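Note sheet for the following structure.
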Amino acid sequence: MVAYTKIFKVDPVRPDVEVIRYAARVIREGGLVAFPTETVYGLGANAFDARAVERIYVVKGRPPDNPIIVHICDVRQLELVASRVPEDAYKLIERLWPGPLTLLLPKGPRIPYVVTAGLETVAVRMPAHPVALELIREAGVPIAAPSANLSGKPSPTRGEHVVEDLYSKVEVVIDAGETLYGVESTIVNLLSDPPMLLRPGAYPVEEIERILGKSIVVPGFARGLGEAERALAPGMKHRHYAPDTPLILVESNGYDEPERVVEAAKRIILDHKMKGLKVAVVAYTETYKYYEGLADRILVMGSRSNPYEIARNLFATLRAVDKLGVDVAVIEGVEERGLGLAIMNRLRKASTLKLRV
Ligand code: AMP
Ligand code: MG
């Protein structure tokens, strides 16, 4: 599908009103607009327009059983998209919206089934990004938007990533620079009892539990382990976030002694080097030095003591791996706590081989 793509660079805090007006008109007329949120870039269409949403699946190559999150700019828009909002949802909405929290709600009649992949539930969030909020407000309709990458590729955290994947396939790309969190929203299902985490994301689940005063079940698939047996979180079973280069993830039960992980990673690198292969390693400020003179290329994602930095660099690093010209990349895991849960979910899905030491 070919489209003439207009790319606009805007200030993330004070976006050009004319650009927002133009993009909002494209949305209203059934077109596709890629726009920044505080998590990653989204590819948006009018959530009420089944044909426009259908095109999102086509241009992304998205499997048809993977539902799309609906974005609103005001709590009053909830009644346009959901038929009921549970009490617990309001507790979270009051504290965490706008922000990177997506809630599962019973679908309202105006939301077409193509948005929810045939489900009776709809996933809804209010993004905390001035460009996203202004765009939804100006369009006057809720915007259905998955991440603005080709399906299976790492999510886009910069305008360039969107252009790389979707140029000539969408009408508009609004480029407002790098996104704040770098990982997608946390998705919680409050319709189940007890509530369930469907996807770990930018808001740590521990924080959400504190606000709810309840614990949230974290199933294995939310940690990126195994396959989702049933369609609890459709889309989670598909391979995601993956660079083309084979990626070997080295994880540990604890990272208090990072030497264990480093030693295992070094052995894997050596094995591959002996076969004449070129190897990259993705490490942290605390560990990258151990690979000097061994790995052909070294990428640093940030400091182990700052998961926010790691999350922000995560997808750009996965994209960068493919530009190194190596045969394989080895990546160190992080502790699965707070934001680390979201980071490990993405790394497990991105890797071709996982090793626990
Ligand atoms: P993306 O926007 O590309 O990050 O993907 C959105 C994810 O939200 C999907 O992969 C689903 O797992 C989840 N999701 C969206 N709508 C629903 C829904 N109605 N029920 C369960 N999960 C959903
Ligand atoms: Mg996605």
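Please read all numbers here as calculations on a predicted model, not as lab measurements. Indexing begins at 1, ligand by ligand and atom by atom, following the structure's order.
Taking a 4.0 Å cut-off on heavy atoms, Thr121 registers as neighbouring ligand 1.
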Check the pair Glu332 / Tyr291 against side chain to side chain donor-acceptor pair (under 3.5 Å), numbers first and verdict last.
-> CA-CA 12 Å; Glu332 292 180 20; Tyr291 303 102; 2.7 Å; yes
Intermediate values then yes/no, side chain to side chain contact (heavy atoms under 4.5 Å, CB included), Thr285 and Asn306 = CA-CA 10 Å; Thr285 46; Asn306 186 354; over 6 Å; no
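Summarising the local packing, CD of Glu79 is surrounded by 12 or fewer heavy atoms from other residues, nucleotides or ligands at distances under 6.0 Å.
Ligand 1 places these atoms under 4.0 Å from at least one heavy atom of Arg199: 1 (P), 4 (O), 5 (O), 6 (C), 7 (C). Atoms of ligand 1 found under 4.0 Å from any heavy atom of Pro67, numbered from 1 in the order shown, are 6 (C), 9 (C), 14 (N), 15 (C), 16 (N), 17 (C), 18 (C), 23 (C). Near Pro146, meaning under 4.0 Å from one of its heavy atoms, ligand 1 places the atoms 2 (O), 3 (O). Remark: ligand 1 atoms within the under-4.0 Å shell around heavy atoms of Asn66 are 9 (C), 10 (O), 11 (C). The contact set between ligand 1 and Ser147, taken as ligand atoms under 4.0 Å from a residue heavy atom, comprises 1 (P), 2 (O), 3 (O).
Note on Ser155: not counted as a metal contact of the Mg ion (ligand 2), no N/O/S atom lying under 2.8 Å.
Geometrically, ligand 1 and Arg62 share a nitrogen or oxygen pair separated by less than 3.5 Å. Every N/O-N/O distance between Lys60 and ligand 1 stays at or above 3.5 Å.
Looking at Glu178 and Thr157, their side chains never bring a donor and an acceptor atom within 3.5 Å of each other.
When non-hydrogen atoms are compared, ligand 1 lies under 4.0 Å from neither the backbone nor the side chain of Thr102.
Ring geometry for Phe35 against His71 counts as perpendicular: the plane angle is over 60°, on a 0 to 90° scale with 30° as the lower cut.
Asp175 places none of its side-chain heavy atoms less than 4.5 Å from the side chain of Val162.
The hydrophobic cluster containing Tyr90 does not contain Leu191, counting ILVMFWY residues as joined when their side-chain heavy atoms lie under 4.5 angstrom apart, directly or transitively.
Taking all heavy atoms of Ile111, Leu119, Val183, Ile187 into account, the minimum distance to atom 13 (C) of ligand 1 is reached by Ile187.
The shortest heavy-atom contact between Lys153 and Asp165 is CB-OD2, 3.8 Å.
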